[in-house]
Amino acid sequence: MLLSIDQCGQVPAAGAKARRLAAARQLGLQVPAGLVLLPDEPLPSAAELAAALEQLAADAALVAPPAASSFLSEGVQLQSPFAGGLPGTGAPAASELRFAVRSSAAIEDLAGRSAAGLFTSSTEVARGDVLAAITAVRASGDSAAVRSYCGGPVAVAVLIQPMVPAARLGVLYLRPDGSAVCEERPVGTSEWSDVTPRLLSAGAGLDTPAPTVSSPAPDPVPTADPDAALARGARRLGALLRTEDPQTAAAFIEYATTSGGQVWFLQVRPAPLPPDPTPWTQPPDAEALTYVLDRDHNPDPLSAAQTGIVDGVAD
């Protein structure tokens, strides 16, 4: 059975990725609606999946997260960018929407153990290809890389969300003092392509009223200050991580910005701890160390992100 993402906030098997996004929606943050297939659930039939995706497209177009919060203020309405999937809008039908099909394994996105790049995730998946993408995500839990990292195969929950019609994609590093560094790139460029970095101060967005998300308005209303919305949401997500572990000091947050200036949050995870600054010295009686290229220690095959890093080091 496919669960809605909003049912997964307290379901450990859904994985931290899905559970945090469910919690973020409860806080009123703009997070796409979603479906979750738990690891022990059988694959849905073609008819069951088709019905679920139709409902997901309709739910996404409603815009409103399941609960309002003090994060939002009254009086402003936002039109969902997903509304183009609704009949009668003159835009593509729901069947033409594209989906993100991503892993949400229990070992992913943890403090000190992110498992980044180990599991399969697919974007821009056509509706008719979603079932095959789900199968591929599940199968990635038994890859050689996962077995090496985890000591054996891992059962994988699968998260399915409609693609945000984004103009830019970004990764935000939330610092312990509340400031943030953002790196953004245009949609369609690779993760290791040139990015546009900028700094958000610790006070960004504190004096800017936040819009409420209500029933769809006739026309999209751009966010007056996307950076303010981004900063407010990032601090909310940082606080969410601290409810899991009070020692969490920094976070990585993935987001998308539409051409109308709306900010959608896609993922949040604890940032890795900084390296120990204590210099390491080799004991005088230790055997001589032999160094090999970084490429020799990476899993085979490399992920796309790992390939870019390794090639850069080799050059």
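Every heavy atom of this structure was used, including side-chain atoms; hydrogens, water molecules and symmetry mates were not. The shown structure was predicted, so the numbers you read here are calculated from the model rather than taken from an experiment.
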Discussion item. Let me check something: do Leu200 and Tyr173 share a hydrophobic cluster, defined by ILVMFWY side-chain heavy atoms less than 4.5 Å apart, either directly or through other members?
Written reply: no
Worksheet item: Leu2 versus Leu49: any side-chain heavy-atom pair under 4.5 Å?
Response: yes
Item to complete: Identify the heavy atoms of Ala229 and Val263 that sit nearest to each other, and give their distance.
Response: CB-CG2, 4.5 Å
Worksheet item: Can you find a heavy atom in the side chain of Arg269 that is under 4.5 Å from one in the side chain of Arg20?
Response: yes
Worksheet entry | Exam field: side chain Lys17 to backbone Ser103, donor-acceptor pair closer than 3.5 Å | yes
Practice prompt. Considering non-hydrogen atoms only, spot the tightest contact between Val164 and Ala256 and give its length.
Written response: CG1-CB, 4.3 Å
Worksheet item: Heavy atoms, side chains only, cut-off 4.5 Å: are Glu244 and Leu241 in contact?
Response: yes
Practice prompt. Determine whether Cys150 and Ile107 make a side-chain contact, defined as any pair of heavy atoms from C-beta on separated by less than 4.5 Å.
Written response: yes
Worksheet item: Can you name the closest pair of heavy atoms from Ala105 and Phe119 and give their distance?
Response: CB-CZ, 3.9 Å
Discussion item. When you group the ILVMFWY residues by side-chain heavy-atom contacts below 4.5 Å and let the links chain together, are Phe265 and Val171 in the same group?
Written reply: no
Discussion item. Whether the side chain of Ser148 engages the backbone of Ala145 through a donor-acceptor N/O pair (distance < 3.5 Å, no angle test) should be reported.
Written reply: no
Response to the item:
What one should report as the nearest heavy-atom pair of Gly141 and Val156 is CA-CG2, 3.7 Å
Worksheet entry | Beyond-backbone contact of Phe99 with Leu56, side-chain heavy atoms, under 4.5 angstrom | yes
Fill in: Distance in Å, Leu174 CG paired with Phe252 CZ, rounded so as to fall on 0.5 Å steps
10.5 Å
Discussion item. Taking Ala139's backbone N and O only, do any of them form a donor-acceptor pair with Ser143's side chain (distance below 3.5 Å, no angle check)?
Written reply: no
Item to complete: Verify the distance criterion only: is there a donor paired with an acceptor across the side chains of Asp6 and Ser4 at less than 3.5 Å?
Response: no
Response to the item:
Residues Leu169 and Ala166: closest non-hydrogen pair is CD2-CB, 4.0 Å
Item to complete: State yes or no: do Val187 and Val125 share one hydrophobic cluster built from I, L, V, M, F, W and Y residues joined by side-chain heavy-atom distances below 4.5 Å, directly or via other members?
Response: no
Worksheet item: What's the spacing between Leu97 CG and Glu124 CD if we round to 0.5 Å?
Response: 10.5 Å
Worksheet item: Is Arg147 close to Asp142 at the side-chain level, that is, under 4.5 Å between some pair of heavy atoms?
Response: yes
Fill in: Interatomic distance, Ile160 atom CD1 to Ile5 atom CD1 [nearest 0.5 angstrom]
11.0 Å
Discussion item. So Arg98 and Pro162, do their side chains get closer than 4.5 Å, heavy atoms only?
Written reply: no
Practice prompt. State which residues pass side chain to side chain donor-acceptor pair (under 3.5 Å) with Asp129; sequence neighbours excluded, sorted by chain then number.
Written response: none
Worksheet item: Taking atom CZ of Arg235 and atom CG of Leu237, what is their separation to the nearest 0.5 Å?
Response: 11.5 Å
Worksheet item: Just how far is it from atom OG1 of Thr120 to atom CD1 of Ile134, taken to the nearest 0.5 Å?
Response: 13.5 Å
Worksheet entry | Ser104 (side chain) donor-acceptor with Leu159 (main chain) under 3.5 angstrom | no
For residues 32-48, run the donor-acceptor check on the side chains, cut-off 3.5 Å, and write out each pair with its distance to 0.1 Å, sequence neighbours left out.
residue	atom	partner	partner atom	Å
Glu41	OE1	Met1	N	2.6
Ser45	OG	Glu48	N	3.1
Ser45	OG	Glu48	OE1	3.4
Glu48	OE1	Ser45	N	2.9

Worksheet item: Taking all atoms of both residues into account, what is the closest heavy-atom pair of Pro270 and Leu110, and its distance?
Response: CG-C, 4.3 Å
Worksheet item: To the nearest 0.5 Å, what is the distance between OG1 (Thr196) and CD (Glu183)?
Response: 9.5 Å
Worksheet item: So do the side chains of Glu184 and Tyr255 get within less than 4.5 Å of each other, counting heavy atoms only?
Response: yes
